[in-house]
Amino acid sequence: MNLTIKQQIETKVRDAIKQAMIEGIFPEDLLIPEVQVESPKNPEFGDFATNISFPLTKILKKSPHDIAGILIKYLEKEKMIKKVEVAGAGFINFWIASERLHEILKEIEINGERYGSSNIGQRKKTIVEFLSANPTGPLHVGHGRGAAIGDIIGNILGFCGYDVTREYYINDVGNQMVKLGASLQSRYLDLLGESLPLPEEGYQGEYMIDIAKKLYELEGDSCRDKDVLYFKNFAMSEILEDIRQSLLSFGVHFNSWFAESTLYQEEMIKKVLDKLENMGYTYEANGALWLKTTAFGDDKDRVLIRENQIPTYFTGDIAYHCSKYVRGYELLIDLWGADHHGYINRLKAACLALNYPKESLVILLYQLVSLSRGNQPVSMSTRQGEFVTLTEVIQEVGKDAARFFFCMRKSDAHLDFDLELARSQSQENPVYYVQYAHARICSILRKAREAGLEIKSYEKIDVSVLNLSEELMLLSKMSTLQDEVLGCARTFEPHRLTIYLMEMVSIFHNYYNHHRIISSESDITDARLLLVNGLRIVLKNTLSLLGISAPEEM
RNA sequence: GCGUCCGUAGCUCAACGGAUAGAGCGUUGGACUUCGAAUCCACAGGUUGGAGGUUCGAAUCCUCUCGGACGCGCCA
């Protein structure tokens, strides 16, 4: 794709500085700072603005106002810039020529559903691991946040040209799973009229009884003498199937499900341990084997093999991340709940010890969701079986509203999910504001078609009649889709897209309420139909990145 | 005790170190005989928890402090 308007301005500002250097106005050895161009909040400050004069002040020993004054001499010669002026203490504000804004419609026409995409990822093999909830119970509301954010980050990176795989890591090894098996065994024997108490800290939820019933329906009483392992496997596969179904209704699709147990089957654990040992980063103490993570920024060393000779969870996790590298991934993105933050340094340390490049492992956190009903906190414990499932929430408020709600907020902010509020606000969820605009445009296009008006191609239309300030603002907003997506990819902040959508749609609703798209003036009608159709595509592309539907009517 | 994150309008939240801190909900008053009123327009609402500091400029960065959440296992 060609450069966006914003990127063109950045280039032109840099060129202006270089030109001033060539002409001896600026010193020839000047180190040009990064040029930042933004869309100002206040429309009086133009379509775009840059603060470049400020970082240059110190280097050039001139006032920002004077520097800006020098630069605009070069910039005002540019054809795509209608007006450029110095404002405030030294900001440079740009008004884009309408001809350039109109071209956005041509770019949308050419690129269609790819409009906004890019190739900075250069097909880099990337694995996004998220959710990875233990298969000990159904997904609850809190999991929804991780699922939504992880899925959307995957979409965004894919749109930016990364080769993305989404993976779910299944913790099918360890004590919790044994307890799960024992819990099912107890519930199953209950059905046979035999009593085996639930294990200490066993899983008490209703769903375990349902699974026991299912096992009884399938196998009768023939499992009376099966061991805990048998029950564990049955419980786990049932629960994983339930998780898969929940995710399906939430619009989340994993390409890969990776079981912890395969690390043992394929001796990955042993290989990693050997490697760390050979590199001299391990030692024995108190009967256990330790990894010197402190040599790589951790605050204490960590146990790899316990005194009882069983590897720790950590060892498995090192082997797991190692397997990602072995499978050819160059960029590893992990999305964890913030309760795991204390674990970051040790995992990063282990990957450094194994000589993997530091930047190749990115660990993102999202803050936990607390649940309340009215003002009363609701606890969420899988073990005690007290929780509201993700499926229930989706049934109540819908997939689109739930996803939008989860990704509207910065992921490092705490989120309180009030069930009553969620229900009452489901009708007021901003997602409808955005979807309504899309449906409204589709309705206009239907009306036009009924009147025998088709959307003509860009070349056949006189787009110069699009000269209302709302139309130009809309085009200016539409022009930054790629910039917004790239910003999200750089910062891993998907919530920016929701803000972008709301700002853009607000301009549209305002425009719609004050001007008619279809009118008796056919040249204006043609151009406006092309404009709203372009907006429809921008909305659809953005919603699709968020995994939210773009309804044609609602 | 140590560490991570958060504190912004009555409520839920935005704001790449930038210009007069913005939206929605709620309150008040207006706009449908014309493309969808799930919309639009107007009004009101703030010492960005508090105190210092860094600089051309701080809600944002640093130090201290108050309040909240979460971590600190040879658990997973």
Side-chain angles (χ1 to χ4, degrees), chain A residues 34 36-42 44-45 49-51 53-55 57-58 63-65 87-91 93 134 136 171 173-177 260 285-290 299-300 302-314 316-317 337-345 365-368 370 405 408-416 418 421 424-425 427-433 435-437 439-448 450-451 483 487 490-491 493 495-496 498-499 502-503 505-506 508-519 525 528-529 532 553-554:
Chain A
E34 187 196 352
Q36 291 179 6
V37 171
E38 61 175 8
S39 339
K41 285 167 273 187
N42 189 336
E44 287 170 26
F45 298 147
T50 181
N51 61 350
S53 319
F54 295 96
T57 316
K58 209 173 253 179
S63 78
H65 198 269
F91 290 93
N93 295 341
N134 286 349
T136 54
N171 298 123
V173 174
N175 274 331
Q176 296 305 314
M177 299 311 295
E260 188 182 356
N286 303 326
L289 185 71
W290 296 71
D299 50 0
K300 53 179 136 173
R302 307 292 171 174
V303 171
L304 290 170
I305 306 279
R306 289 181 274 233
E307 201 173 350
N308 63 9
Q309 299 309 305
I310 297 174
T312 57
Y313 177 82
F314 179 47
D317 218 11
D339 52 340
H340 290 81
H341 69 81
Y343 196 75
I344 296 177
N345 281 341
L365 296 179
Y366 61 92
Q367 292 295 324
L368 300 181
S370 53
F405 182 83
M408 260 170 70
R409 275 85 169 164
K410 270 194 304 207
S411 49
D412 54 5
H414 298 273
L415 177 55
D416 180 66
D418 184 327
L421 206 64
S424 69
Q425 283 196 348
Q427 291 309 306
E428 295 155 8
N429 189 306
V431 75
Y432 298 115
Y433 185 69
Q435 289 181 319
Y436 184 64
R440 189 175 237 179
I441 293 170
C442 290
S443 167
I444 296 168
L445 297 178
R446 278 194 298 271
K447 269 286 191 306
E450 284 163 17
D483 303 307
R490 194 182 66 246
T491 58
E493 289 179 347
H495 76 282
R496 290 181 180 208
T498 63
I499 296 164
M502 289 189 283
E503 286 172 352
V505 161
S506 151
F508 167 72
H509 282 310
N510 180 308
Y511 171 54
Y512 174 89
N513 272 279
H514 292 92
H515 305 281
R516 290 192 57 84
I517 309 299
I518 301 171
S519 68
T525 301
R528 289 183 176 174
L529 283 174
V532 297
E553 45 190 63
M554 51 195 285

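A, B, ... follow the sequence lines: proteins, then strands. Residue 1 opens every chain. The model shown is predicted, which means the values in this text are computed figures rather than measured ones.
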Original post:
Please give, in whole Å, the distance from B:C75 P to A:Q176 CD?
Top reply: 12 Å
**OP:** On RNA chain B, check which nucleotide each of A:H515 and A:T50 is closest to and give me the residue with the more 5' one.
**Re:** A:T50
Original post:
Picking from B:G36, B:C74, B:C40, which would you name as closest to the side chain of A:H514?
Top reply: B:C40
Original post:
Would you say A:S443's side chain and A:A439's backbone share a donor-acceptor pair under 3.5 angstrom?
Top reply: no
**OP:** Among the candidates B:G36, B:G18, B:C74, find the nucleotide nearest to the side-chain atoms of A:R440.
**Re:** B:G36
Subject >> Nearest-Å distance for atom pair OH/C1', residues A:Y512 and B:A31 >> reply: 14 Å
Original post:
Is the shortest side-chain N/O distance from A:K410 to OP1 or OP2 of B:C6 below 4.0 Å?
Top reply: no
Original post:
Counting any heavy atom closer than 4.0 Å, what does A:A448 reach on the DNA or RNA strands: base, sugar-phosphate only, or nothing?
Top reply: nothing
Original post:
Judged by atom type as modelled, is there a donor-acceptor pair below 3.5 Å linking the side chain of A:T50 to the main-chain atoms of A:V37?
Top reply: no
Original post:
Do side-chain atoms of A:S519 reach the backbone of A:R516 as a donor and acceptor pair under 3.5 angstrom?
Top reply: no
Original post:
Out of B:C74, B:G36, B:A19, which has the shortest distance to the side chain of A:I444?
Top reply: B:G36
Original post:
Is the ring of A:Y433 stacked on the base of B:G24, with centres less than 5.5 Å apart and planes under 30° off?
Top reply: no
Original post:
Taking the chi torsion of B:C5, is it syn (within 90° of 0) or anti (everything else)?
Top reply: anti
Close N/O contacts between protein and nucleotides 69-72 of chain B (under 3.5 Å):
unit_1 : atom_1 : unit_2 : atom_2 : d
B:C70  : O2     : A:H341 : NE2    : 3.4

Subject >> Nearest-Å distance for atom pair NE2/P, residues A:H509 and B:G24 >> reply: 11 Å
Subject >> A:R409 side-chain N/O to A:S411 backbone N/O, donor-acceptor pair under 3.5 Å >> reply: no
Original post:
Which nucleotide, B:U20, B:A14, B:A37, lies nearest any side-chain atom of A:N42?
Top reply: B:U20
Original post:
Does A:H65 use its side chain to pair, donor to acceptor, with the backbone of A:F91 at less than 3.5 Å?
Top reply: no
**OP:** Rounded off to whole Å, could you give me the CG-to-C1' distance for the A:N429 and B:A23 pair?
**Re:** 14 Å
**OP:** Could you tell me whether A:A451 contacts a base, only the sugar-phosphate backbone, or nothing, with contacts defined as non-hydrogen atoms closer than 4.0 Å?
**Re:** nothing
Original post:
Do A:N308 side-chain atoms and A:I310 backbone N/O form a donor-acceptor pair below 3.5 Å?
Top reply: yes
Original post:
CG of A:N175 versus P of B:C75: gap in Å, rounded?
Top reply: 8 Å
Subject >> Comparing A:F314 and A:S443 on RNA chain B - which has the more 5′ nearest nucleotide >> reply: A:S443
**OP:** Could you tell me the separation between the CG atom of A:N510 and the P atom of B:A31, rounded to a whole number of Å?
**Re:** 18 Å
**OP:** Return the stacking result for B:G57 and A:F54: yes when the ring centres lie under 5.5 Å apart and the planes under 30°, no otherwise.
**Re:** no
Original post:
Which part of the nucleic acid does A:N93 contact within heavy-atom distance under 4.0 Å: base, sugar-phosphate only, or nothing?
Top reply: base
Subject >> Heavy-atom donor-acceptor pair, A:R302 side chain to A:W290 backbone, under 3.5 Å >> reply: no
Original post:
Of all the choices, B:G18, B:C13, B:A19, which nucleotide is nearest to the side chain of A:R409 once you look at every atom?
Top reply: B:C13
Original post:
Judged by atom type as modelled, is there a donor-acceptor pair below 3.5 Å linking the side chain of A:N134 to the main-chain atoms of A:T136?
Top reply: no
Original post:
With pairs taken as Watson-Crick or G-U wobble and both distances under 3.5 angstrom, which stems of at least three consecutive pairs involve RNA chain B?
Top reply: B:1-7 with B:66-72, B:10-13 with B:22-25, B:28-31 with B:39-42, B:49-53 with B:61-65
Original post:
Angle class for the A:Y433/A:H509 ring planes (parallel below 30°, perpendicular above 60°, tilted otherwise)?
Top reply: tilted
